[in-house]
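What follows is one structure encoded as structure tokens, with my remarks underneath.
Heavy atoms only: backbone and side chains are in, while hydrogens, waters and symmetry mates are out. Counting starts at 1 for both ligands and their atoms, in listed order.
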Amino acid sequence: MKKRDSFLSYGKQQLDEDDIAAVVETLRSPFLTQGPKVEEFEKAVANYVGVKYAVAFANGTAALHAACYVAGIGVGDEVITTPITFAATSNAVLYCGGTPVFADIDENTYNIDPLEIEGKITTKTKVIMPVDFSGQPVDIDSLMDIAKRHNLIVIEDGAHSLGASYKGSKVGSQADMTMFSFHPVKPITTGEGGIITTNSEAFYEKLKLFRSHGIGKTPYAIEQGDWYYEMTELGFNYRMCDMQAALGVSQMCKIDGFIERRREIAALYNKKLAAIPGIVLPEQMEKAESGWHLYMIQLDSQVLHKPRKEIFNEMREQNIGVHVHYIPVYWQPYYKELGYEKGLCPIAEKWYEQALTLPIYPGMTDEDVGDVVLALKKVLDIL
Ligand SMILES: *Cc1c(COP(=O)(O)O)cnc(C)c1O
């Protein structure tokens, strides 16, 4: 088999001429930022997930920081989260002075294990922060139930899961707050961008304040005059601009098609990879439908007799952009320095050693999928 001519990346945005035209239109308008597009985008996302409020941010990390802030996380507060995520999830807790507490994952879904959460709750626990890893929703009903019993807030990191659903409802309406990211590899893109969806008016108001320096129109300010404003919180400038939001509005019109194509590709992989010994396919919960942000397989080293690193490198040599998501967050030197040690979440660590991300994005053709499978078979010497 000849290798592919072009490199196939693991994820990529899907932009059409009308997306480009939408951004250009905003460039020609009076508002590059703080105009009408951000609100239009917020409404589109809120309607799509079925929630009252949405607040857009400059990026998903800023959105998570804001959610942690409005949840009241401060010094000494503990937040239970998963180690199999991007560092931004637990970093947002650190920004607020809180302490991330890592609970191990479920070995089938690779999402945080509700039973592990129960074991980590202390009097200092304030928030549970699950991640819908790879686009598969967490078992949010179990988590909300735990949160209710212990009086905790749930912030769902849905960076991977816009368009996914749980028990027939779109992700984004079940947790107290849900974050979505619009980085180019995510389900839709705004270049950089993020959003929080919530049904809580109190959170909504505070998120908006935090996004814009903590400055707002208080009753006192209104009394003083039109020029007057009051800064009541130490906020940031975390605003999304209208160029980003214009792209977001245009992308939201296409999300169902994007997710449908991702599901087709995942089904194709499932079919083509089913009979290969030593490859564990991603298992899906019955009550949820993944948005398939990532297609992850596990390589059973005892069966394959080839280390993951070699498989990874040889796939790259075949021009297949495999990746690995994620290194357990607490293995990072910064977290090690804070006192987290290897061995904390054994299932997550074992998962990491065996995991391999295969390319998946809406623009991929069936032939591309075929190339990935052929290359993998070649690398595993089963052709
Ligand atoms: C991408 C991502 C983030 C951060 O989002 P940005 O928009 O890149 O800041 C947070 N959590 C997870 C799980 C992500 O994949």
List ligand 1 atoms under 4.0 Å from [X], heavy atoms only on the residue side.
X: Gly193; result: 7 (O)
X: His160; result: 13 (C), 14 (C), 15 (O)
X: Thr89; result: 11 (N)
X: Tyr326; result: 15 (O)
X: Met179; result: 10 (C)

If you measure every N or O of [X] against every N or O of ligand 1, does any of those distances drop under 3.5 Å?
X: His183; value: no
X: Thr85; value: no
X: Gly60; value: yes
X: Glu192; value: no

Give me the nearest non-hydrogen protein atom to atom 1 (C) of ligand 1 as residue plus atom name, then the distance to 0.1 Å.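 Going by distance alone, atom 1 (C) of ligand 1 is nearest to Lys186 NZ, 1.5 Å.
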To check your reading of the model: name the closest protein heavy atom to atom 9 (O) of ligand 1, its residue, and the distance in Å.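 Answer for atom 9 (O) of ligand 1: Thr61 OG1, 2.5 Å.
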Who gets closest to atom 7 (O) of ligand 1 by heavy atom: Gly191, Ser181, Ser134, Ser161?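 Nearest option to atom 7 (O) of ligand 1, by heavy atoms: Ser181.
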Under a 4.0 Å heavy-atom limit, does Phe180 contact ligand 1 with its side chain, its backbone, both, or neither?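 For Phe180, there is no contact with ligand 1 at all, from either part.
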Have a look at ligand 1 and work out which part of Asp157, if any, has a heavy atom under 4.0 Å from it: side chain, backbone, both or neither.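 The side chain, only.
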Crowding at CG, Asp226 (>12 non-hydrogen neighbours, <6.0 Å):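 Open.
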Residue that, paired with Thr89, satisfies side chain to side chain donor-acceptor pair (under 3.5 Å) out of Thr61, Thr81, Asp157: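 Only one option passes, and that is Asp157.
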Test item: side-chain donor near acceptor, Thr365 and Asp368, under 3.5 Å: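 Yes, side-chain donor-acceptor contact under 3.5 Å.
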Donor on one side chain, acceptor on other, Thr218 and Glu230, under 3.5 Å: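 Judged by distance alone, the side chains do pair up.
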May I ask you to decide whether [X] forms a salt bridge with [Y], counting only side-chain N to carboxylate O separations under 4.0 Å?
X: Lys350; Y: Asp300; result: no
X: Glu25; Y: Lys37; result: no
X: Asp19; Y: Lys254; result: yes
X: Glu260; Y: Arg263; result: no

Using the ring of Tyr352 (Phe, Tyr or Trp, six-membered ring only), decide whether Arg308 places NZ or CZ under 6.0 Å from its centre and within 45 degrees of its axis.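 Because its charged atom sits under 6.0 Å from the ring centre and within 45° of the axis, Arg308 does stack over Tyr352.
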